[in-house]
Amino acid sequence: IAERANLAGVRHILLVLSGKGGVGKSTLSTELALALRHAGKRVGILDVDLCGPSIPRMLRVQDSAVHQCDSGWVPVLAGQDKAIALMSIGFLLERPDDAVVWRGPKKNALIKQFVTDVAWGELDFLIVDTPPGTSDEHISTVEALRPYQLLGAVLVTTPQ
Amino acid sequence: VRHTVLVLSGKGGVGKSTFSALLAHGLAADETKQVALLDIDICGPSIPKIMGLEGEQVHQSGSGWSPVYVEENLGVMSVGFLLSSPDDAVIWRGPKKNGLIKQFLRDVDWGEVDYLIVDTPPGTSDEHLSIVQYLSATHIDGAVIVTTPQEVSLQDVRKEINFCHKVKLPIIGVVENMSGFVCPKCKNESQIFPPTTGGAEKMCQNLSVSLLGKVPLDPQIGKSCDRGQSFLAEAPESPATLSYRNIIQRIQEYCEQHHLQEEKIM
């Protein structure tokens, strides 16, 4: 019940995918969140790129830490009006240059936790930023989000 | 295999595959050298297209899998050759990817090779752990780490450098791609990806690793890759070609020196 509760207040979940690296997924996820916020929506970003989490720096909260509450982790509030809820492995690293050198199963466990154990509250949009590829992170994210309202995926590319 | 070089990044889309391909072409220009290019990016194998080998299939023989040869002295292996269609997604979890990488290393009949270049996917995960583990019995000369100048790339690349330290993989040096753009018409230089925190140069200074070189953006690079042609051959006069050639030479020198040191020790 607690699992459903954390995402129960989220109206739309959308994935930002590519396959290819370096095309601007994180940049787009950030700009999309800021634009939706500007339009008065309640927005959150879930950054499931465990090896290369870019969102915290893009929203200038790379030095923030996460806290726990009864329903799980409290997302970091970012953006000019501190109203964009953000969760990223970037906040769990002791040092920003620490490499997260994990194999699939450990990554899967954390992604599951990110999906079910973050107290998102009431959101109109939750944007899920993903790493390049079609592997553990993607399979686990889609599997973990299956019980919820997945709006769909935005695919990012460059021309070549 | 005499020398093994891993091409890594941490960040995606910085030009690892492009660089791996050009390193392979550059080394194979010496016809007395046998070069092997192994693409272990299982989800996004770019090497077949960049090397002009799309649609090629891998043949099995008694001695194992045959690499696909671009030149007599340049052989290539990639999961791309095992797909029935280039748009097939390989949606595998870590353990299955590791299994294939093991097979590539064990079952591909490379023959005698002077240089084995391994192109990797972005990140610090299964593929990277596996390749270092599986190659630990043989000898990896070192890693070439590719980045672009902006901080968003560097922050992932620092992690990769730490990964190398963690697994005791020597770092040959860092290559900064997309480092400036010179307009072919007005010759003005622009920083398309401004090095807001000092670029690879500052990072290398801070982390005491070698900066092998900076390669400017040249639209011809992307075109050559899309067409499966060697950029070095198609644009021999480009400043980017000059940079690449210098970097390739430094890598060669590093490998040769290493070899001499090893022989001394033995």
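None of these values were measured; they are calculated from a predicted model. Residue numbers begin at 1 in each chain, while the letters A, B, ... track the order of the sequences.
Residue Lys97(B) touches chain A through its side chain alone, counting heavy-atom pairs closer than 4.5 Å. With a 4.5 Å cut-off on non-hydrogen atoms, Asp49(A) does not touch chain B at all. Looking at Lys107(A), the atoms closer than 4.5 Å to chain B (heavy atoms on both sides) all sit in the side chain, from C-beta outward. With a threshold of 4.5 angstrom between heavy atoms, Asp156(B) approaches chain A through side-chain atoms but not through N, CA, C or O. Interface residue Pro122(B): only side-chain heavy atoms are found under 4.5 Å from chain A. With a 4.5 angstrom heavy-atom cutoff, Ser140(A) touches chain B via backbone and side-chain atoms both. Only the backbone of Val90(B) comes within less than 4.5 Å of a heavy atom of chain A; no side-chain atom from C-beta onward does. Using a 4.5 Å cut-off between heavy atoms, Val101(A) touches chain B through backbone and side chain atoms alike. Within the 4.5 angstrom heavy-atom criterion, only side-chain atoms of Asn98(B), from C-beta onward, approach chain A. Residue contact with chain B, scored on non-hydrogen atoms closer than 4.5 Å, is absent for Leu50(A). With a 4.5 Å cut-off on non-hydrogen atoms, Asp136(A) touches chain B through its backbone and its side chain both. If you measure heavy-atom distances from Lys166(B) to chain A, the contacts under 4.5 Å come from the side chain alone.
The aromatic rings of Tyr244(B) and Phe231(B) stand perpendicular to each other, their planes meeting at an angle above 60°, with 30° marking the opposite boundary.
His139(B) places no side-chain N or O within donor-acceptor distance of the main-chain N or O of Thr4(B), the cut-off being under 3.5 Å. With Ser18(A) contributing its side chain and Val156(A) its backbone, the two residues share a donor-acceptor pair below 3.5 Å.
Of the residues considered (Glu151(B), His128(B), Glu160(B)), Glu151(B) shows the highest number of contacts with chain A, using heavy-atom pairs under 4.5 Å. Looking only at heavy-atom pairs under 4.5 Å with chain A, the residue among Gly94(B), Gly10(B), Cys43(B) that has the most is Cys43(B). For the set Gly44(B), Ser125(B), Pro95(B), the entry with the most heavy-atom pairs within less than 4.5 Å of chain A is Ser125(B). With respect to chain B, the highest number of heavy-atom pairs below 4.5 Å among Ser26(A), Ser54(A), Gly104(A), Pro159(A) belongs to Ser54(A). With chain A as the partner, the residue from Lys96(B), Gln155(B), Glu127(B) showing the most heavy-atom pairs under 4.5 Å is Gln155(B).
The 12-atom threshold is exceeded at CD of Gln103(B), counting heavy atoms of other residues, nucleotides or ligands nearer than 6.0 Å. Atom NZ of Lys168(B) has 12 or fewer neighbouring heavy atoms from other residues, nucleotides or ligands inside a 6.0 Å radius. The local environment of CZ in Arg106(B) is crowded, with over 12 non-hydrogen atoms from other residues, nucleotides or ligands closer than 6.0 Å. Open room surrounds CD on Glu201(B); 12 or fewer heavy atoms of other groups in view lie less than 6.0 Å from it.
Comment: Arg93(B) engages Glu143(A) in a salt bridge, judged by a side-chain N to carboxylate O separation of less than 4.0 angstrom.
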(message) Could you walk me through whether Asp119(B) and Lys16(B) satisfy the salt bridge (charged side-chain N to carboxylate O under 4.0 Å, His left out) test, starting with their C-alpha distance in whole Å, then the side-chain angles of each, then the deciding distance to 0.1 Å, before giving a yes or no?
(response) CA-CA 7 Å; Asp119(B) 184 31; Lys16(B) 285 178 291 311; over 6 Å; no

(message) Let's go through Phe114(A) and Trp73(A) carefully: what are the C-alpha distance in whole Å and the side-chain angles of both, what is the deciding distance for ring pair (Phe, Tyr, Trp, His ring centres under 6.0 Å) to 0.1 Å, and is it a yes or a no?
(response) CA-CA 8 Å; Phe114(A) 271 179; Trp73(A) 284 331; 5.5 Å; yes

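When the options Arg37(A), Lys41(A), Arg11(A) are evaluated for a salt bridge (charged side-chain N to carboxylate O under 4.0 Å, His left out) with Asp124(A), the one that passes is Arg11(A).
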